[in-house]
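Below, read A as the first sequence line, B as the second, and so on, with proteins coming before strands; counting in each chain starts at 1.
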Amino acid sequence: MPGKTNLGFRGSLCPPSPQRPRRPQGFKALGGRCGHLGLLLALLLFFAQPARAGVTVHGFLQGNYDFNTATANPDDHDAKLAEERAQVKLEADQGPARLFVKTDIAWDHLDDEEDLELREGYADYVASAWDIRAGRQVITWGLGDLVFINDVFPKDYEAFFAGRPLEYLKIGVDAIKAGLYPSFASFEVIAIPLFTPNHFPDAEKFWLFDPMPAVANRETREPDTSLDNTELAVRGYREVVGFDASLYWYRGFSRQPAMQPDNPKITLFYPKLSVYGASIQGNAIGGVLSLEAGYYDSREDRQGDNPMIPNSQIRGLIGYQRQPWEDFTVGLQYYAEWMQDYGNYSATLPAGFPKEKRLHDLVSLRLTQFLAHQTIKLSLFTFYSPSAGDYLINPEVKYNITDQVWAALGANIFGGGEPSSQFGQLDKNDNAYLQVRYEF
Amino acid sequence: MRKIILLTLLLLAAVTTGVLAATPEEIVRKSQAVFLYSGNDFKARVMMKLISANGQERLREMTMLRLNTGPIGGDQKYFIYFFQPADVKDMTFMVHKYAARDDDRWLFMPAVNMVRRIAMQDKAASFVGSDFTYEDVSGRDLTDDTHELAREESVDGKACYVIKSTPKAGTGYAYKLAWIDKSTFLPLKEEYLDRDGAAIRAFSADEVKEIKGVATITRRTMKNLKSGHRTEVSYKSTDYNIGLDAGLFTERFLKQPPKKWIE
């Protein structure tokens, strides 16, 4: 159904889409497996004089398992994740140039397959007043804790909901990023020629709301790679009276697909989107105060009368964090989305589809307590939506057994709201996870 | 004549030992100046060994850079790059320390390429899980305590002032005794005591070296006397006045720590 009622357009942990996209990270950008090896080779050739170049290798071995605590998956499995994974981080530098490659190899027991993935791979050049980074890279903008307004870069929600370490929520983009540092402010200017969508939970592993379950024939259409379709993003930032202030601009595509019924199939496509935003963060009232806002300009549905494409929105966030006692931190957030052209939305929404409220909001609470010389971390993260009535609860215990080995045990609990709402639809997906990692 | 000579000698002795010149506040101020503000800037590769009562060890290794941006006792900027343990490798931590208001703190997490502000913690909170507090690393405001000269005493053959500093507002201890070397003004020993006068935390300077003419504590220990846990710190590649620039202490370099300074 129309993007409109698709809660996926939430700025927070988006709901899953009923499609089943392949893992998006692949080797697309580098021309497949060969490109991947090619990059490694280039790295070795470029730094063929080891005496002059500093090359370091780090990484980890990890076991990651996630089991259902409520019901089996739609595909009858009891687990959402069972894998071992090795990550190698290779870094080489010579003068102002630096190369970085982060590669994962995973052994997936559920799909019974091996998976080689280039998580990041880029070259840096640093001059005194500017720098440039080209290649696959993770970019994080904005101030939200698991709510995203100006962080318009791709996310892997399945990773988060299936109990992977938090860093797997972020997907690298294939981009060129320039940093400019004139005296009055700093700038990041980013061009992304290759589109990467968000990765949503797999419909075989997660119970999800599907507005059109009868139509199984689905086709995904990503934006073509062209100069016109190159995504652009600019951030300008500086200090303003003791606060960190940023302005953001993005022109590209929504990373959550909209659905176009196209008898006899459904076409999933990524509508054009621009985002204009701002944020400030600094010390206030005994803690750290964060304010962020953004205008989501839905460029293919400016009147809000196309039910297939989400309307424009205003998004806002207030966050506050403080440490009431040693090694204990409390983080509170209020996040809201306000739909534009609600009248047109209501008037054009087809009968039978769940209707969104004009205001969708979320409250989050994060509690973190460190113990035993900061080797044990107890944390609790919760979302509750006052407008939808649904929730997510994520408790976790992490223990650094030695300086090299840590283990984390946690759970994701969903519920409340409606069968179509953001977390309500995940009600049957409660799960518990284990992460064990050896780092070198 | 003999009286004059005697007076002169007494005066000389007084001046050289500082008895005449120094009030307790001045001794503490001088001590802070050499302990926390030496040079215009400072760099060290810091090895921290956290040792539990039963002997289990954990290692924290980092490069610490410091730039003075105000007068002695005033504003400073700190930049810390972590080498170890592995799960914090490449993380950077930055503090803009202000004399008159809450410090600004930022943490950079490389795995998600994100810079986050960190809420101001109690300055008496542990620094990276060690027995040292933030205050031990970056100093305590001179005016937060009342200082008195308790006595004079020698530590390992070095003449020291023993300064008693009593916090004006509540902290985790009732008062601190510091043995301050009369010649270098470095604290050779410190004890934090509770209301009953029992020592709860003890600091010792285990090695002092002269670096670019600056007397520097290059090995130190802080021990929690209640738990038996202790932290041993050693400095390598210590240096002063290396030409750090305020521009280094910004988000740009938090995300791209320059090898030149951190190695």
Please look at [X] and chain B and tell me whether the side chain, the backbone, both or neither of the residue comes under 4.5 angstrom of a heavy atom of that chain.
{"X": "A:Glu239", "value": "neither"}
{"X": "A:Leu289", "value": "neither"}
{"X": "A:Thr375", "value": "side chain"}
{"X": "A:Tyr181", "value": "side chain"}
{"X": "A:Ser183", "value": "neither"}
{"X": "A:Phe243", "value": "backbone"}
{"X": "A:Asp151", "value": "neither"}
{"X": "A:Tyr237", "value": "side chain"}

Flag the one option from [options] with the top tally of heavy-atom pairs under 4.5 Å to chain A.
{"options": "B:Thr250, B:Asp102, B:Asp87", "result": "B:Asp87"}
{"options": "B:Glu263, B:Gln84, B:Glu251, B:Glu57", "result": "B:Glu251"}
{"options": "B:Val88, B:Asp103, B:Asn113", "result": "B:Asn113"}
{"options": "B:Lys89, B:Arg58, B:Met109, B:Met114", "result": "B:Arg58"}
{"options": "B:Val128, B:Asp131, B:Leu50", "result": "B:Val128"}

Closest heavy-atom pair and its distance - B:Phe249, B:Leu65: CE2-O, 3.9 Å
For B:Tyr78 and B:Val137, work out which heavy atoms get closest and say how close. OH-O, 3.8 Å
Any side-chain heavy-atom pair of A:Glu117 and A:Arg85 under 4.5 Å: yes
What residue in [options] has the most heavy-atom pairs under 4.5 Å with chain B?
{"options": "A:Gln321, A:His373, A:Gln137", "value": "A:His373"}
{"options": "A:Arg322, A:Gln404, A:Gln281", "value": "A:Gln281"}
{"options": "A:Gly282, A:Gly179, A:Ser186, A:Gly287", "value": "A:Gly282"}
{"options": "A:Ile139, A:Asn400, A:Asp124, A:Leu166", "value": "A:Asn400"}
{"options": "A:Lys89, A:Glu188, A:Arg235", "value": "A:Arg235"}

Mind telling me whether A:Tyr122 and A:Phe100 have parallel, tilted or perpendicular rings, with 30° and 60° as the class edges? tilted
Which answer fits B:His96, side chain, backbone, both or neither, if we ask what part of it has an atom under 4.5 Å from a heavy atom of chain A? neither
Interchain contact, B:Lys260 with chain A, by part (heavy-atom threshold 4.5 Å): neither
Between B:Phe79 and B:Tyr81, is the ring centre distance below 6.0 Å? no
Hydrogens and angles aside, do B:Glu232 and B:Thr221 bring a side-chain donor and acceptor to less than 3.5 Å of each other? no
Determine, for B:Tyr235 and B:Arg220, whether the Lys NZ or Arg CZ falls below 6.0 Å from the six-membered ring centre while staying within 45 degrees of the axis. yes
Mark yes or no: A:Lys155 above the aromatic ring of A:Phe160, with NZ or CZ under 6.0 Å from the six-membered ring centre and no more than 45 degrees from the axis. no
Less than 4.0 angstrom from a charged side-chain N to a carboxylate O is my criterion; do A:Lys398 and A:Glu396 meet it? no
Can we say A:Glu167 and A:Arg437 salt-bridge, meaning some charged N sits less than 4.0 Å from an Asp/Glu carboxylate O? yes
Ignoring hydrogens and angles, tell me if any N or O in the side chain of A:Lys102 forms a donor-acceptor pair with the backbone of A:Gln87 under 3.5 Å. no
Look at atom CD1 of A:Ile318 and say whether more than 12 heavy atoms of other residues, nucleotides or ligands are closer to it than 6.0 Å. no
